[in-house]
**Student:** 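Got a structure for you, questions after.
Side chains are part of it too, since the values below use all heavy atoms of this structure and drop only hydrogens, waters and symmetry mates. We count residues from 1, following the sequence as given.
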Amino acid sequence: MSTGDALRVVTLAAQAEMALVRRDQVAGPLLAQASRAAAGTPAAGFLEEAAAMVRAAPEREAVRQAALSLCRMGLQQAQARAMGGGP
């Protein structure tokens with residue numbers, strides 16, 4: 001993954017994180033987009049799981065909180081890669 005691709009994942013994951021914080025309906029699609037962009041990286045697993053959770057039960061607070069944690073973990077992985085420190 002190039003630095004530019006990693007920055008794209010960072011941007012998408014950050015947007016998804018803010019959507020989750022704001023309880024916005026676009027959180028699920030943003031997580032799915034971020035997970036597709038992160039395909040083949042450690043961040044992808046976190047983002048895919050978060051997207052699946054939000055799709056399954058978008059109105060549950062516990063699901064939102066868990067998805068938010070997973071999203072942040074994926075974001076950290078992508079940030080590490082963008083800065084040259086990750087796989």
**Student:** Where do Ala38 and Ala44 come nearest, in terms of heavy atoms and distance?
**Tutor:** O-CB, 3.3 Å
**Student:** Hey, what do you get for CG (Leu7) to CG (Leu12), rounding to the nearest 0.5 Å?
**Tutor:** 11.0 Å
**Student:** Can Met83 be reached from Leu75 by stepping across I, L, V, M, F, W or Y side chains whose heavy atoms are under 4.5 Å apart?
**Tutor:** no
**Student:** Please determine whether residues Leu70 and Leu20 belong to a single hydrophobic cluster, defined as Ile, Leu, Val, Met, Phe, Trp and Tyr linked transitively by side-chain heavy-atom distances below 4.5 Å.
**Tutor:** no
**Student:** Against Gln15, only a single residue in Leu30, Asp24, Val26, Val10 fulfils side chain to side chain contact (heavy atoms under 4.5 Å, CB included); can you say which?
**Tutor:** Leu30
**Student:** Would you say Arg81 and Thr41 make side-chain contact, with heavy atoms under 4.5 Å?
**Tutor:** no
**Student:** Please report the shortest heavy-atom distance between Ala32 and Ala51, naming the atom on each side.
**Tutor:** N-CB, 3.8 Å
**Student:** What's the shortest heavy-atom distance between Ala50 and Ala67, and which atoms?
**Tutor:** CB-O, 3.7 Å
**Student:** Once you round to the nearest 0.5 Å, how far does SG of Cys71 lie from CE of Met18?
**Tutor:** 10.5 Å
**Student:** Roughly how far, to the nearest 0.5 Å, is the CD atom of Gln77 from the CZ atom of Arg72?
**Tutor:** 16.0 Å
**Student:** Is it the case that more than 12 heavy atoms not belonging to Glu61 sit under 6.0 Å from its CD atom?
**Tutor:** yes
**Student:** Are Val63 and Met73 connected, step by step, through hydrophobic side chains (Ile, Leu, Val, Met, Phe, Trp, Tyr) whose heavy atoms are closer than 4.5 Å?
**Tutor:** yes
**Student:** Which heavy atom of Ala34 sits nearest a heavy atom of Ala13, and at what distance?
**Tutor:** CB-N, 4.0 Å
**Student:** Okay, side chain of Arg55, backbone of Gly28: is any donor-acceptor separation there less than 3.5 Å?
**Tutor:** no
**Student:** Calculate, to the nearest 0.5 Å, the distance between atoms CZ and CD belonging to Arg23 and Glu59 respectively.
**Tutor:** 10.5 Å
**Student:** Identify whether Leu68 and Val9 are in the same connected component of the hydrophobic contact network (ILVMFWY, side-chain heavy atoms under 4.5 Å).
**Tutor:** yes
